[in-house]
Structure formats: structure tokens, C-alpha cells
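A quick write-up on the structure given underneath.
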Amino acid sequence: MQASSVEIRKVNKFYGPFHALKDIDLSIPPGKVTCLIGPSGSGKSTLLRCMNFLEEYDSGEVRIDGQLIGYDAPGKRMSGRKLREMRRSIGMVFQQFNLWPHMTAHENVAEGLIRVRGLSKADAMTRAADALAKVGLADKMGNHPSRLSGGQQQRVAIARAIAMEPKLMLFDEPTSALDPELVGEVLNVMKTLASEGMTMVVVTHEMGFAAHVADQVAFLEKGELVDVDTPSGILHHPKDARIQSFLRTYHERNSF
Amino acid sequence: MDIAVFQQYGPALIKGFGYTILCWALGTVFGMMLGLVIALIQRYSPRPVRWIIQIYIEIIRGTPFLVQLFVLYYGGPLVGLRLDALPAGLLGLTIYSSPYFAEIFRSAFRAVPLGQIEAARAIGMAEPTIIRRILLPLGLVSALPALVNFSIILTKETVILSMITVPELMYQVSRMSTETFRYLEANLVLALFFWALVETISRVGRRFEARITKHLIERT
Ligand SMILES: Nc1ncnc2c1ncn2[C@@H]1O[C@H](COP(=O)(O)OP(=O)(O)OP(=O)(O)O)[C@@H](O)[C@H]1O
Ligand SMILES: [Mg+2]
């Protein structure tokens with residue numbers, strides 16, 4: 001599998017006067033899993049969405065395999081066509097799944113192959129079926145999203161992304177909207193993907209996933225990237241007081 | 001009741017009803033199309049364009065249909081727009097209804113979750129494709145009840161076309177009334193025909209709605 005790298009240099013993002021991302025520097029190595037953690041409102045989603053330019057950053061650089069995304073040069077916006085071209089090889093999975101409710105699971109996955117990749121309907125349907133089989137949903141292809149559980153919907157969303165053969169996958173809290181018993185099936189699909197050497201950036205509150213699957217963990221707070229390290233460096237031997245306090249709160253909430 | 005009157009005026013009344021249905025159907029279709037175009041332009045244009053469209057909407061919604069029709073039919077020739085009664089009536093209905101339909105579409109588009117649009121953008125789908133494949137199908141579904149509702153209101157606006165001599169039902173009923181003094185019978189016919197039309201539209205609308213929302217309703 002081809003896997004992309006992401007280089008983030010001095011990225012700043014403002015919402016009006018609010019400084020949401022402050023001089024973020026982060027390297028995402030190819031074929032590795034990077035988890036973004038941090039308190040609510042710290043800018044994790046914003047940073048993730050800068051990587052496929054769903055969110056415009058105001059200054060700095062986000063480079064995918066060396067190519068600047070969103071801008072041709074600093075301050076000069078890239079054409080829509082070029083941006084779409086780059087987005088084709090970046091898959092994204094959202095907290096709310098965001099499947100298209102008027103299409104079946106099969107059609108949801110085939111849609112991008114037909115409309116973006118230009119495949120014939122027959123080829124697209126075959127490839128879509130393969131992708132759905134890979135996430136364990138071969139028997140649910142004909143269901144509309146309203147007839148699927150949350151975990152199944154999220155797996156369809158992952159199939160929709162991987163069917164496009166991305167070189168980078170972005171996940172924004174993929175299990176946060178799920179009932180606890182459905183979290184495992186989605187994490188398992190993600191683990192498989194990781195083991196195949198996909199570059200993955202995962203915003204998550206699943207510290208177990210971060211500890212066991214991530215190659216590096218980045219901690220954000222108030223728009224600042226506080227630290228990047230190995231999972232055990234961040235989760236077991238945190239140097240910064242802000243990370244220690246975040247983990248303390250996390251453990252208190254999750255112990256009983 | 002005098003059956004002989006109906007024997008004499010029946011064919012004219014039925015023909016008038018035919019014109020009423022024609023005017024209503026075409027006025028609704030064209031009005032919806034114009035409304036849809038307006039809503040799309042409003043969604044995707046820069047501020048000055050949206051501003052101009054808003055003024056159009058305010059003017060059309062702020063004036064009575066009869067006034068618009070007179071301006072179009074009697075004022076049109078002054079600027080070289082010479083239309084027969086029927087085309088003038090259809091154009092009038094289209095213009096009159098377009099801002100209402102535009103508002104219906106505008107709010108229906110806003111009801112399409114942004115996440116579903118972003119999911120399409122994230123895989124690199126072009127904006128026109130997103131409109132065609134995501135925004136329109138989902139927007140139309142949520143707009144449908146309001147669209148049916150407003151097209152029912154429009155059935156009754158067609159009677160105003162009689163004022164510029166379009167030979168629709170109201171026109172025939174007025175003629176029958178003044179020629180025979182049978183106001184009650186004539187207006188009962190009018191009421192009956194309109195009731196039948198409105199009832200049909202709302203039934204068809206509801207059935208259509210049930211069909212296209214079948215897959216969209218969350219199982220609980
Ligand atoms: N469109 C917006 N307009 C204004 N402020 C915004 C917007 N989107 C996000 N913000 C603000 O930017 C900050 C970072 O938001 P972001 O969604 O990235 O946080 P997050 O770390 O993903 O939080 P969560 O864990 O709750 O998802 C928040 O304070 C939020 O209120
Ligand atoms: Mg978030």
C-alpha cells in the first residue's frame with residue numbers, strides 16, 4: 001500500500017478573534033498511526049480538518065507528501081479542481097458517520113467511485129461490495145443507513161473512504177457517537193487498516209486504542225500542541241502538567 | 001336547482017375547469033423551477049447578488065397578485081411585452097409563486113446536514129455533482145410537504161386570472177352568474193370543482209411523500 005506523509009508547519013487558525021490553532025508543528029510519518037488527544041475544544045477536529053482543507057488554515061503549511069494543500073503558495077488559494085484531486089487520496093471518517101440517507105450502504109460506497117473516480121456503475125458496484133465485505137458488512141449492502149446500527153453505519157463510512165484507495169485516512173472521534181458495545185467492531189476495522197500500513201490520523205477519546213495501536217500520540221490544549229511522543233511517553237510518563245491533569249480527569253471518570 | 005342551466009353551461013364550465021387545471025399545473029411547475037433556480041443562486045452567490053434577489057422576493061411577496069397581473073398584462077405592452085391573456089396569466093403565476101417556492105427550497109437546503117455535504121467534499125466530489133446527487137434529493141424530500149401545501153394555495157390564486165379574461169373556471173362561473181342570475185348554483189359548482197382538485201393534490205402529495213421518505217425514517 002502507498003502511504004502518505006503529512007507535514008504541518010507553524011499552522012495558525014482563527015475563528016474571528018478566537019485563536020483556535022497556535023503555531024502547530026507536527027510530522028505524521030507514512031504508514032503510521034498518529035492519535036490526537038486533548039480536552040474538548042482544544043482544536044483536535046480543527047487541526048484534523050486542516051489536513052484535507054475542510055477547514056481553511058490562515059497561515060503556515062500543511063503538506064501531503066510534500067505538496068501544500070489548499071494553497072498554491074502562501075496566501076494564494078488553490079483551484080477547486082486541484083484541491084479535489086488531492087482530496088481523492090485522503091479518506092475521512094466523521095463522528096456522526098455522515099452517510100447519505102437516501103442511498104443504500106452499497107450505493108453510499110459506490111457513489112464516489114462513479115462520480116469522482118469515473119468508474120462504470122458495474123465496476124463501482126463490484127469494488128464497493130469488496131470494500132463492504134472487508135468491513136464485515138457483505139450481508140447488509142442493500143440496507144439504507146436508517147436500517148443499520150451505529151457501528152454498522154460507521155463501518156460503511158470507513159468502507160466508503162477506503163473504496164477510494166486513499167493514502168491517508170483521517171478519523172474524527174469515530175467511536176464517540178456509538179453505544180459502548182459497538183465501539184469494538186469499529187476499532188477492529190481500524191486496527192486492520194493500521195496493520196496494512198495505512199497512514200492514519202485519529203482524533204480519539206479511546207485511550208486504549210491510543211495506547212495499543214498508535215505509533216505516536218499528540219496532545220493538544222487550547223489550540224497548542226503541548227507534546228508529541230510515543231503512546232507510553234504521553235500516557236504513562238507524561239512530562240507536562242497539563243497532560244497529567246487531563247489523564248487524571250480521564251481516569252477518575254472511567255473508574256468505578 | 002335548474003338542470004337546464006347546467007345543460008346549457010355545463011360544457012363551458014368543464015372547459016373552464018380544464019383551463020384552471022392547466023394554469024395551476026403549469027404555474028406550479030414553472031414557479032417551482034424558477035423558485036429552485038433562485039434558491040440555488042442564493043445559496044452559491046456572493047452577497048451583492050443575494051441582496052438583489054432578496055429585493056425581488058420582497059417586492060413580489062409584498063404586492064397583491066392582482067396588481068402584479070395588471071402590471072404585466074396592461075403595463076407590459078408599454079415596454080413592448082405584448083402577451084395574450086393565457087401566457088400572461090401563466091407568466092404571472094410563475095412570477096408570483098417563485099419567491100414562495102424559493103423560500104421553501106432555501107430552508108429545505110439549509111436542513112440538509114452540513115456533514116453529509118462535507119462527506120462528499122472530503123472524497124473530492126465537485127460542487128455541481130454534490131448539488132445533483134446530495135443536496136437536491138435530500139432537499140426535495142424535506143421540502144415536499146411545504147411544496148404541496150403552497151401548490152394547494154396556488155389553485156385558488158388561479159381565479160384571479162379571470163380578471164384578465166383567461167377563460168378558466170371563475171371566468172365561466174361569472175359569465176353564467178351574470179347571464180342567468182343563478183349565483184348560488186354557479187358558485188356551488190366552483191366550490192365543488194376546487195374541492196375535488198385540492199383533495200386530489202393533497203392525496204397524491206401524501207402518497208408520494210410516504211414513498212420517497214420510506215428509507216429516510218429512522219428505525220427506533
Ligand atoms: N466554526 C467555528 N466558529 C467559531 N469557533 C469555532 C468553530 N469551530 C470550532 N470553533 C472553536 O474552536 C475551538 C476548537 O474546536 P474543535 O472542534 O477543533 O475542538 P475539539 O478539540 O475537536 O473538541 P471536541 O473534543 O469537543 O470535539 C473550540 O473552542 C470551538 O469552540
Ligand atoms: Mg472535535
Side-chain angles (χ1 to χ4, degrees), chain A residues 45 48-49 51-55 80-105 107-118 142-150 153 156-157 160-166 168-170 172 177, chain B residues 36 39-41 43-47 49 104-105 107-148 205-220:
Chain A
S45 298
L48 189 78
R49 290 161 56 87
M51 296 182 206
N52 64 354
F53 211 64
L54 273 186
E55 212 68 68
R81 169 188 292 269
K82 239 165 117 184
L83 179 60
R84 292 198 298 275
E85 192 77 43
M86 289 189 74
R87 280 177 177 167
R88 280 185 198 194
S89 51
I90 307 172
M92 185 158 203
V93 173
F94 302 83
Q95 182 175 351
Q96 299 300 333
F97 328 135
N98 293 336
L99 294 178
W100 300 306
H102 55 306
M103 301 179 196
T104 64
E107 289 163 346
N108 262 280
V109 179
E111 184 68 12
L113 296 173
I114 300 170
R115 312 282 158 189
V116 179
R117 296 283 297 272
N143 289 31
H144 281 78
S146 60
R147 301 284 183 276
L148 293 169
S149 73
Q153 289 187 56
V156 173
R160 174 172 69 180
I162 59 176
M164 302 288 289
E165 297 176 333
L168 165 66
M169 286 279 289
L170 309 174
D172 194 354
Chain B
L36 181 58
L40 284 174
I41 294 176
R43 190 180 165 92
Y44 290 96
S45 316
R47 199 163 297 208
V49 180
I104 292 171
F105 285 122
S107 65
F109 290 156
R110 280 180 44 170
V112 175
L114 180 61
Q116 289 165 22
I117 308 235
E118 286 187 334
R121 286 192 186 133
I123 58 170
M125 203 180 276
E127 215 59 32
T129 315
I130 295 176
I131 293 174
R132 200 159 45 83
R133 299 290 303 171
I134 316 286
L135 189 70
L136 279 183
L138 291 174
L140 285 177
V141 169
S142 60
L144 194 64
L147 292 176
V148 171
R206 240 171 293 155
R207 188 169 303 180
F208 189 55
E209 192 189 327
R211 214 177 75 189
I212 62 172
T213 55
K214 195 169 65 194
H215 298 301
L216 301 179
I217 296 160
E218 284 289 334
R219 185 195 50 178
T220 45

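Numbers restart at 1 for each chain; the letters A, B, ... are given by sequence-line order, proteins then strands. The figures that follow rest on heavy atoms only: side chains count, while hydrogens, waters and symmetry mates do not. Just so we're clear, the structure is a prediction, and the values are computed from it rather than from any experiment.
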Backbone N/O of [Y] and side chain of [X]: donor-acceptor pair under 3.5 Å:
{"X": "A/N52", "Y": "A/R87", "result": "no"}
{"X": "A/H102", "Y": "B/I212", "result": "no"}
{"X": "A/R160", "Y": "A/G112", "result": "no"}
{"X": "A/Q153", "Y": "A/L148", "result": "yes"}

So which part of [X] gets closer than 4.5 Å to some heavy atom of chain B, the side chain, the backbone, both or neither?
{"X": "A/R49", "value": "side chain"}
{"X": "A/L83", "value": "neither"}
{"X": "A/M103", "value": "side chain"}

### Query
Within a reach of under 6.0 Å around CZ of B/R110, are more than 12 heavy atoms found that belong to other residues, nucleotides or ligands?
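Counting neighbours around CZ of B/R110, 12 or fewer heavy atoms of other residues, nucleotides or ligands fall under 6.0 Å, so no.
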#### Entry: OH (B/Y44) with more than 12 external heavy atoms under 6.0 Å
yes
### Task
State whether A/R88 and A/E165 are salt-bridged, where the test is any N-O pair (Lys NZ or Arg NE/NH1/NH2 against Asp/Glu carboxylate O) under 4.0 Å.
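A salt bridge is absent here (no side-chain N lies under 4.0 Å from a carboxylate O).
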### Query
What residues of residues 135-146 of chain B sit under 4.5 Å from chain A when you count only heavy atoms?
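Within residues 135-146 of chain B, the residues that come under 4.5 Å of chain A (heavy atoms only) are B/P137, B/L138.
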### Message
Checking A/N143 now: which residues fulfil side-chain hydrogen bond (donor to acceptor under 3.5 Å, both in side chains) with it, not counting sequence neighbours?
### Response
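A/N143: no side-chain hydrogen bond (donor to acceptor under 3.5 Å, both in side chains) contacts found.
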### Query
In terms of heavy-atom pairs under 4.5 Å, which option from A/E111, A/M164, A/M92 contacts chain B the most?
A/E111
